[in-house]
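Following: one structure in structure tokens, then a few remarks.
Each ligand, and each atom within it, is numbered from 1 in the order the structure gives. These numbers come from a predicted model, not from an experiment.
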Amino acid sequence: METTSLNDHTATVSQLREWVVKFRDERNWEQFHNPKDLVSAISIEVAELAELFLWRTNQETQQDLLNAEFRKSMEEEMSDILTLFLSLSAIAKVDITTALEKKLAKNAQKYPVNKSYGSAKKYDRLPGSE
Ligand SMILES: [Mg+2]
């Protein structure tokens with residue numbers, strides 16, 4: 001695949017999904033991309049990302065994030081996850097921007113700023129929740 005000059009500031013979600021679908025279709029892999037297996041593959045790739053941080057202290061992780069080899073591994077695992085995630089959104093026909101906007105609005109109701117500011121408590125443990 002040719003590289004482009006796109007980055008997070010200039011690419012759209014649609015462009016990223018087009019790259020992933022093109023890569024998939026050039027290999028005739030759509031036949032394997034059912035939602036169940038894509039979700040399983042996402043889970044496996046998340047585990048691969050988590051393994052990079054496993055048993056590392058927060059202080060060690062801060063150092064890891066400055067290490068080029070670590071960053072390369074992390075970026076590859078994050079890209080594996082995003083590839084599969086975008087494949088799932090294509091197969092399941094989910095407009096992830098719309099879905100994200102709706103979910104953030106729902107979470108804003110569950111986590112009002114005045115009750116959740118600076119708190120890691122789950123919504124049902126916030127003051128005034130039953
Ligand atoms: Mg991987």
Taking 2.8 Å as the cut-off, does an N/O/S atom of Glu76 lie below it from the Mg ion (ligand 1)? no
What about Tyr117 and Tyr111, are their ring centers closer than 6.0 Å? no
Looking at Gly128 and Lys115, what are the two nearest heavy atoms and their distance? CA-NZ, 4.4 Å
Answer key: the N, O or S atom of Glu48 nearest to the Mg ion (ligand 1) is OE1
Regarding Arg17 and Ser89, do their side chains bring together a donor and an acceptor under 3.5 Å, going by distance alone? yes
Hydrogens and angles aside, do Asp64 and Asn67 bring a side-chain donor and acceptor to less than 3.5 Å of each other? no
Angle at the Mg ion (ligand 1): provide the value between OD2 of Asp80 and OE1 of Glu45, rounding to 10 degrees. 90°
In Glu77, what N, O or S atom is nearest to the Mg ion (ligand 1), if we give its atom name? OE1
